Amino acid sequence: MGARRRKTTIGRGAFGRPVPVEAHADQVLGRILYKGAPLTEDAVFLWLRRILMRNNQSEIFQNVRYAEDIGSFSPDIDLMEVRPNGTVVGYELKGYRKAGRGMKPPTFYEGLDQALAMLKNPVRSPLSAVFAGSVFDLVYLVHPEGSSIDQLTDLLQMCTPLGLIVVNHSGVQEVVKPKPNPFLNPSMKARLISRLDALDAYKTIRVN
C-alpha cells in the first residue's frame, strides 16, 4: 500500500512554521497542476480562489456555516465570494474523489441539489428549513473537467438560474452564465455584507 496522503495547511510550512498564505497557496496549487494530479474538491477550491481574488479582487470565504443575525447555511457554502461592488456569489464545488485504487469524477448531477438550495439560503433553522430569502445574487455549480458536462449544461440552461464553471489544469471556464437569483433578499444581503467579520467559516485552508 502507498503512503497515506496528509493534508497541507496553507500558511503552515515545514515543522509548523508560519509562511505567507498567498505564496504558499500558489506553491501548493502549482505542484498539483504541474503533476497533473486529479482535481479534488480541495484543488478546485484553490484554483478558483486564486482566479477570483486576482481577477475580481474579491473577498473569499470557505465552508460558510452561519451568518450572525441572518441564520444558518444548510448545506454549508463551499465558497462564498463578495465582490468589491457588493455582489455576493455562492459556489457549490465538486471534484474527483477516491474510488477503489483510483479516482473518479463527479456524476453530472452531483451537487445540483446543494446549488439549488443555495438559491434560498440561509435558513432560520436547518431542521425546519424555513427560508427567509437568499443573500446570493448569483449561484454557480463548479465541476472538474471529465464529468458529463454536456448533459449538465443542458439541464442548467433549461431548468434553473444556476451558472456552471468547469475547471481543468489549464484554467477555469464559465460554461453557463448564471441568471439573477429570483429569491434574493436585498436587506438580508446588506446585513451579511456589514458583518463579514462575524461569519462562521473555515479560518484556515487545508488541502489533501
Side-chain angles (χ1 to χ4, degrees), residues 22 25 29 39 41-95 106 110-123 131-145 147 149 152-153 155-157 159-168 171-203 205:
E22 296 309 320
L29 178 61
L39 292 175
E41 188 173 313
D42 291 338
V44 168
F45 174 82
L46 274 184
W47 212 178
L48 191 57
R49 174 182 180 272
R50 176 202 274 185
I51 289 172
L52 294 176
M53 290 181 69
R54 290 185 177 179
N55 293 355
N56 299 348
Q57 302 297 305
S58 300
E59 292 187 73
I60 302 298
F61 302 90
Q62 183 183 23
N63 285 84
V64 182
R65 294 162 290 201
Y66 178 79
E68 194 168 304
D69 299 326
I70 294 178
S72 300
F73 292 96
S74 183
D76 295 353
I77 309 304
D78 291 339
L79 191 157
M80 177 187 288
E81 176 193 12
V82 181
R83 297 176 181 171
N85 65 1
T87 299
V88 179
V89 189
Y91 299 83
E92 175 61 33
L93 310 181
K94 292 300 171 188
E110 210 164 322
L112 180 56
D113 53 347
Q114 294 157 298
L116 287 171
M118 209 182 302
L119 294 169
K120 292 280 282 180
N121 255 295
V123 295
F131 297 100
S134 181
V135 298
F136 297 104
D137 294 279
L138 305 169
V139 174
Y140 283 96
L141 182 57
V142 184
H143 272 222
E145 193 173 75
S147 50
I149 299 301
L152 182 55
T153 297
L155 181 62
L156 297 186
Q157 287 177 329
C159 303
T160 80
L162 301 175
L164 174 63
I165 288 174
V166 176
V167 180
N168 60 30
V172 172
Q173 180 185 6
E174 183 186 52
V175 176
V176 177
K177 189 175 182 63
K179 301 178 183 71
N181 182 3
F183 306 108
L184 174 68
N185 183 320
S187 63
M188 286 182 61
K189 187 184 86 166
R191 290 205 301 276
L192 172 82
I193 291 175
S194 70
R195 296 300 308 276
L196 291 177
D197 60 322
L199 283 178
D200 180 10
Y202 283 8
K203 306 304 181 188
I205 303 169

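Nothing here was measured: the structure is a model prediction, and the numbers come from that model. The chain is numbered in sequence order, starting from 1.
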Can you name the residues that form a ring pair (Phe, Tyr, Trp, His ring centres under 6.0 Å) with Tyr91, not counting sequence neighbours?
Tyr140
Could you walk me through whether Leu164 and Ile149 satisfy the side chain to side chain contact (heavy atoms under 4.5 Å, CB included) test, starting with their C-alpha distance in whole Å, then the side-chain angles of each, then the deciding distance to 0.1 Å, before giving a yes or no?
CA-CA 9 Å; Leu164 174 63; Ile149 299 301; 4.1 Å; yes
As an exercise, state the distance from CE of Met118 to OG of Ser74, rounded to the nearest 0.5 Å.
11.5 Å
Indicate the atoms forming the closest heavy-atom contact of Pro75 with Ala117, along with that distance.
CD-CB, 4.0 Å
Which atom of Tyr66 lies closest to which atom of Gly71, heavy atoms considered
CD1-O, 3.3 Å
Side-chain heavy-atom pair Thr160, Leu119 within 4.5 angstrom cut-off:
no
Calculate, to the nearest 0.5 Å, the distance between atoms CD and CZ belonging to Gln57 and Arg83 respectively.
12.5 Å
Is any side-chain heavy atom of Asp197 less than 4.5 Å from a side-chain heavy atom of Arg195?
yes
Any donor-acceptor N/O pair, Asn168 side chain to Glu145 backbone, under 3.5 Å:
no
Determine the minimum heavy-atom distance between Ile165 and Glu174, stating which atoms define it.
CG1-CA, 4.3 Å
Looking at CD1 of Ile70 and NZ of Lys189, how far apart are the two atoms once the value is rounded to the nearest 0.5 Å?
11.5 Å
Working to the nearest 0.5 angstrom, can you tell me the gap between Asn63 CG and Phe45 CZ?
8.0 Å
Write down the atom of Leu199, the atom of Ala67, and the distance for their closest heavy-atom approach.
CD2-CB, 3.7 Å
Between CG of Leu39 and NE2 of His143, what distance do you get to the nearest 0.5 Å?
13.0 Å
Using the rule side chain to side chain contact (heavy atoms under 4.5 Å, CB included), only one of Ile77, Leu141, Val142, Leu162 pairs with Glu92; which is it?
Leu141
Atom pair CD/CZ of Glu22 and Arg49 - distance to nearest 0.5 Å
4.0 Å
Nearest atoms (heavy-atom pairs only) where Asn185 meets Ser187:
OD1-OG, 2.7 Å
Closest approach of Leu79 and Leu52, non-hydrogen atoms and distance?
CD2-CD1, 3.9 Å
Show me the pairs that pass ring pair (Phe, Tyr, Trp, His ring centres under 6.0 Å) and involve residues 182-202, at least two apart or across chains.
none
Less than 4.5 Å apart, side chain to side chain, heavy atoms only: is that true for Pro122 and Val135?
yes
Under a 3.5 Å distance rule, please check whether Ser134 uses its side chain to pair with a backbone N or O of Phe136 as donor and acceptor.
yes
Are Met80 and Val88 close enough that some pair of their side-chain heavy atoms sits under 4.5 Å apart?
yes
Is there side-chain contact between Val175 and Leu156, with at least one heavy-atom pair below 4.5 Å?
no
